[in-house]
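Both ligands and their constituent atoms are indexed starting at 1 by order of listing.
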Amino acid sequence: MMRVGFIGTGEITAAMVRGLAGRGHQIMVSERNAQVAAQLAAEVDEVSIAANVDVVAGSDVVFVCLMADVARQILPDLPFRAEQAVISVMVDVSHDALQKLCAPATDIAMTIPLSAISTGGSMLPVYPASAALTALFGDSDHVFEVASEAALNAHFAGSALSAPLIALMQTGAHWLGNQTGDQKAAEDYVAGVFAGFLRQMATSGADFDVLLKGLATEDGLNASLKAHVQNAGAHDALLSGLEALKPRLGL
Ligand SMILES: NC(=O)c1ccc[n+]([C@@H]2O[C@H](COP(=O)([O-])OP(=O)(O)OC[C@H]3O[C@@H](n4cnc5c(N)ncnc54)[C@H](OP(=O)(O)O)[C@@H]3O)[C@@H](O)[C@H]2O)c1
């Protein structure tokens, strides 16, 4: 059993707490956001709500889940301890800055959870390695150490593929629903198609190239739509968008 604290009770804390539910840990979340904290306490038996100071004082591992400007403002006044593990999920706060903000703690790591952590099976890149993160999520999710802080920041950009690709699937599903008259069934179909491909990758070791080769029938509908989307500039837009994130991420 670990005492796990969360500072900043918003979207990503809610997902992580739901992912930890029922695993015997003592979970403390900070009072803000009050509505999210109350919802988590109502939903998950192990959750209690406390002031930021008490969350840090009463935890073996503290997840910092704040916006960067708030973190810079409030972390220096919190009672971190030398033997405590601190795990930041924040973009825009470097490891150097965290060491200063969370002193005297030195076991400080950075990771990138996404909302799928609530149900497990999500990807958790981490830098540097964190025994606490592995102990908490190593059984349920894929925790893997990346080689440098720059590599972690590159993964932050990679994680930002999520919204545009999900939005593309949503657009396609909406189009399908307009043809069939059943939006829900259309969304289930599109999600199921991709879940199938992802399962295929996970179980057979197929990579993206293998999937694309299987969808490359000459004059096939997939090949035709792929070429159209490519010619319309979608791939270039995605790449230029990723490039545009680099200055913010120090890349
Ligand atoms: N959402 C994601 O999928 C995701 C993924 C990876 C990383 N992250 C990172 O996670 C961090 C949080 O993102 P989020 O999406 O969870 O944002 P969020 O939902 O806005 O959560 C931030 C939380 O911090 C709270 N807060 C504000 N001031 C506070 C204070 N003085 N003391 C304690 N809590 C305070 C906010 O409360 P109020 O609502 O009352 O202001 C809010 O509940 C960001 O740095 C982001 O880069 C998010």
M90 heavy atoms, cut-off 4.0 Å: which ligand 1 atoms fall inside?
45 (O)

V70 heavy atoms within 4.0 Å reach ligand 1 at atoms 28 (N), 29 (C), 30 (C), 31 (N)

Using heavy-atom distances, let me know which of Q35, R32, Q73 sits nearest atom 27 (C) of ligand 1.
R32

Counting only heavy atoms not in Y189 (residues, nucleotides, ligands), do more than 12 fall under 6.0 Å from its OH?
no

Would S122 and L114 satisfy side-chain contact (heavy atoms from CB on, under 4.5 Å), going step by step from the backbone distance to the final call?
CA-CA 7 Å; S122 74; L114 293 169; 5.8 Å; no

Neighbour count >12 (heavy atoms, 6.0 Å) for atom CD, E46:
yes

Can you tell me how the ring of F63 sits relative to the ring of F6, calling it parallel under 30°, perpendicular over 60° and tilted otherwise?
parallel

Could you list the residues that satisfy side-chain contact (heavy atoms from CB on, under 4.5 Å) with F144, not counting sequence neighbours?
M123, P125, H142, V146, H155

Please classify the N52 to ligand 1 contact at 4.0 Å (heavy-atom distances, strictly less than): side chain, backbone, both or neither.
side chain

For ligand 1 and T13, I'd like to know whether there is a polar contact (N/O to N/O, distance under 3.5 Å).
no

Is atom CD of E11 surrounded by more than 12 heavy atoms (other residues, nucleotides or ligands) closer than 6.0 Å?
no

Please determine whether side-chain contact (heavy atoms from CB on, under 4.5 Å) holds for the pair R18 and L40, giving the CA-CA distance in whole Å, both sets of side-chain angles, and the decisive distance to 0.1 Å.
CA-CA 8 Å; R18 290 184 174 116; L40 289 172; 4.1 Å; yes

Mark up the atoms of ligand 1 that fall under 4.0 Å of a heavy atom belonging to I74, in ascending order.
30 (C), 31 (N), 32 (N)

So between S88, A51, G8, whose heavy atom ends up nearest atom 25 (C) of ligand 1?
G8

Side chain, backbone, both or neither: which part of N33 has a heavy atom under 4.0 Å from ligand 1?
both

Heavy-atom distance to atom 44 (C) of ligand 1: which of V89, L66, V91 wins?
L66

Got an N/O contact under 3.5 Å between S115 and ligand 1?
no

Is there a polar contact between ligand 1 and I12, counting only N or O atoms under 3.5 Å apart?
yes

